[in-house]
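This report refers to the structure that appears directly beneath it.
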Amino acid sequence: MPLRIDILTLFPEMFPPILGTSIPKRAAEKGLVEYHLTNIRDFATDAHKSVDDKPFGGGPGMVMMAPVVFDAVEHVEKLDARAATRILLTPQGRQFNQDLASEFAKKERLLLIAGHYEGFDERISSGLVPIEVSIGDYVLSGGELAAMVLIDAVVRLLPGALGAEDGAADESFADGLIEHPQYTRPREFRGMSVPDVLLSGNHKAIAQWRLEQRKFRTKERRPDLWQARGEETKTNKKKNT
Ligand code: 9D3
């Protein structure tokens, strides 16, 4: 049974260009995932098709109305018997990461709600009890791109979504080290050459060099990841003592 992903959004037209490309497209073609888009505006009840309104108590911006979102969620959930894991894309959510992607990849059904206003009426959170997810500390114009980031990260984890080579590459990131430098032809380019070890044919020496490079780069570029592995740089040791 394919993973069913329902997407509730005011801008459904943003999704097909991304979901119809590359791995998200191939995963759907292989029957690993199904995408179902629903326009939240279809559930507006007034003549103007309103989906948002001014905040009670005043303040800037508009707030997504609870009744429209509840109706959309309840309608979409009835389209399939399986219970959906509800995910609300919001800057106030838990920060998305690879562990959360793995968690979502184990589900049989996901329901993503993407807004395009200053916020959601609080009763959408308190009443639908979604998992609230952010993709990082920067301001987007809406939840749609965040939803697509999440989908891309989840779908590539579905068994069979990747070629064998890509899959192995992802596993090497799971150890908390960033990638080693990579080179391809030509051997010499504008005075910059490929490290000799990579041309040596000595596979053990190459593996050693790559691991060394990964550790060095992780210390320098991602001290947060390095610390999370329970290791410490010498400079940090000096600073801390
Ligand atoms: C003035 C307060 N703003 C919150 C930081 C208001 C606001 C700005 C932009 C509220 C919503 C948005 C639209 N962003 C999202 O819906 C969103 C988002 C994001 O902006 N960054 C990272 N992850 C996400 S998930 C959804």
Side-chain angles (χ1 to χ4, degrees), residues 3-24 33 35-44 49-77 84-107 109-157 173 222 224-225 228:
L3 166 65
R4 177 179 174 119
I5 303 181
D6 284 283
I7 305 152
L8 273 53
T9 169
L10 292 168
F11 296 94
E13 69 276 11
M14 288 178 70
F15 289 81
I18 301 301
L19 302 184
T21 302
S22 185
I23 287 164
V33 63
Y35 310 112
H36 295 268
L37 286 156
T38 299
N39 193 333
I40 295 170
R41 199 173 296 281
D42 293 346
F43 297 85
K49 295 269 170 214
S50 309
V51 294
D52 62 337
D53 208 339
K54 294 170 289 182
F56 282 128
M62 298 289 270
V63 176
M64 182 95 78
M65 296 157 76
V68 208
V69 176
F70 270 64
D71 284 353
V73 167
E74 285 165 2
H75 169 86
V76 156
E77 287 191 346
T85 295
R86 297 170 176 168
I87 301 167
L88 183 71
L89 285 311
T90 162
Q92 286 83 46
R94 167 174 169 194
Q95 185 158 337
F96 190 59
N97 62 19
Q98 194 65 25
D99 287 343
L100 206 43
S102 303
E103 210 176 291
F104 292 152
K106 291 179 203 142
K107 306 290 187 186
R109 187 170 182 205
L110 302 175
L111 179 105
L112 276 54
I113 307 166
H116 217 90
Y117 294 102
E118 288 302 296
F120 297 98
D121 186 301
E122 185 61 21
R123 292 165 294 188
I124 293 167
S125 296
S126 58
L128 295 173
V129 203
I131 303 170
E132 298 185 35
V133 175
S134 158
I135 61 163
D137 292 338
Y138 37 82
V139 182
L140 301 172
S141 305
E144 290 80 12
L145 287 169
M148 286 187 256
V149 165
L150 184 154
I151 291 167
D152 186 77
V154 167
V155 161
R156 60 187 285 108
L157 294 175
F173 179 74
R222 292 296 305 272
D224 57 325
L225 289 181

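Every number for a ligand or one of its atoms is a count from 1 in the order of the listing.
Surrounding CG of Asp137 are at most 12 heavy atoms belonging to other residues, nucleotides or ligands under 6.0 Å away.
Looking only at protein heavy atoms, the nearest one to atom 12 (C) of ligand 1 is Leu140 O, 3.7 Å. At the shortest separation from atom 17 (C) of ligand 1 among protein heavy atoms lies Pro91 CD, 3.7 Å. With respect to atom 21 (N) of ligand 1, the closest heavy atom belonging to the protein is Tyr138 O, 2.8 Å. For atom 2 (C) of ligand 1, the nearest protein heavy atom (residue, atom name, distance) is Glu118 OE1, 4.4 Å. The single protein non-hydrogen atom nearest to atom 22 (C) of ligand 1 is Gly136 O, 3.1 Å, given as residue, atom name and distance. Ranking the protein heavy atoms by distance from atom 23 (N) of ligand 1 puts Ile135 N, 3.0 Å first.
Taking CD1 of Ile135 as the reference point, atom CG of Leu145 lies at 7.0 Å (rounded to 0.5 Å). Separating the CG atom in Leu8 from the NE2 atom in His36 is a distance of 12.5 Å, to the nearest 0.5 Å. Separation of atoms OG1 (Thr9) and CD1 (Ile40) is listed at 6.0 Å; rounding is to 0.5 Å. Atom CG of residue Leu111 and atom OG1 of residue Thr85 lie 9.5 Å apart, to the nearest 0.5 angstrom. One distance of note links CG of Asp53 with OH of Tyr117; it measures 11.0 Å at 0.5 Å rounding. To the nearest 0.5 Å, the span separating CG on Leu112 from CG on Leu37 amounts to 10.5 Å.
Of the heavy atoms in Ala146, only side-chain atoms (C-beta onward) come closer than 4.0 Å to ligand 1.
Here the side chain of Ser50 pairs no donor or acceptor atom with the backbone of Asp52 at under 3.5 angstrom.
Each of the atoms 8 (C), 9 (C), 20 (O) of ligand 1 lies under 4.0 Å from some heavy atom of Val139. Each of the atoms 25 (S), 26 (C) of ligand 1 lies under 4.0 Å from some heavy atom of Thr90. With ligand atoms numbered from 1 in the order given, ligand 1 contributes 25 (S), 26 (C) to contacts under 4.0 Å with heavy atoms of Leu89.
Between Gly143 and ligand 1, an N or O atom pair is found at a separation short of 3.5 Å. Any N or O atom pair closer than 3.5 Å counts here, and Gln92 shares no such pair with ligand 1.
Here Glu77 does not pair with Arg109 in a salt bridge; the nearest charged N to carboxylate O distance is not below 4.0 Å.
Taking a 4.0 Å cut-off on heavy atoms, Val133 registers as neighbouring ligand 1. Distances shorter than 4.0 angstrom do not occur between any heavy atom of Gly119 and any atom of ligand 1. Tyr117 counts as a contact of ligand 1, since one of its heavy atoms falls under 4.0 Å from the ligand.
Aromatic ring pairs are classed by plane angle as parallel below 30°, tilted from 30° to 60° and perpendicular above 60°; the pair Phe96 and Phe104 is parallel.
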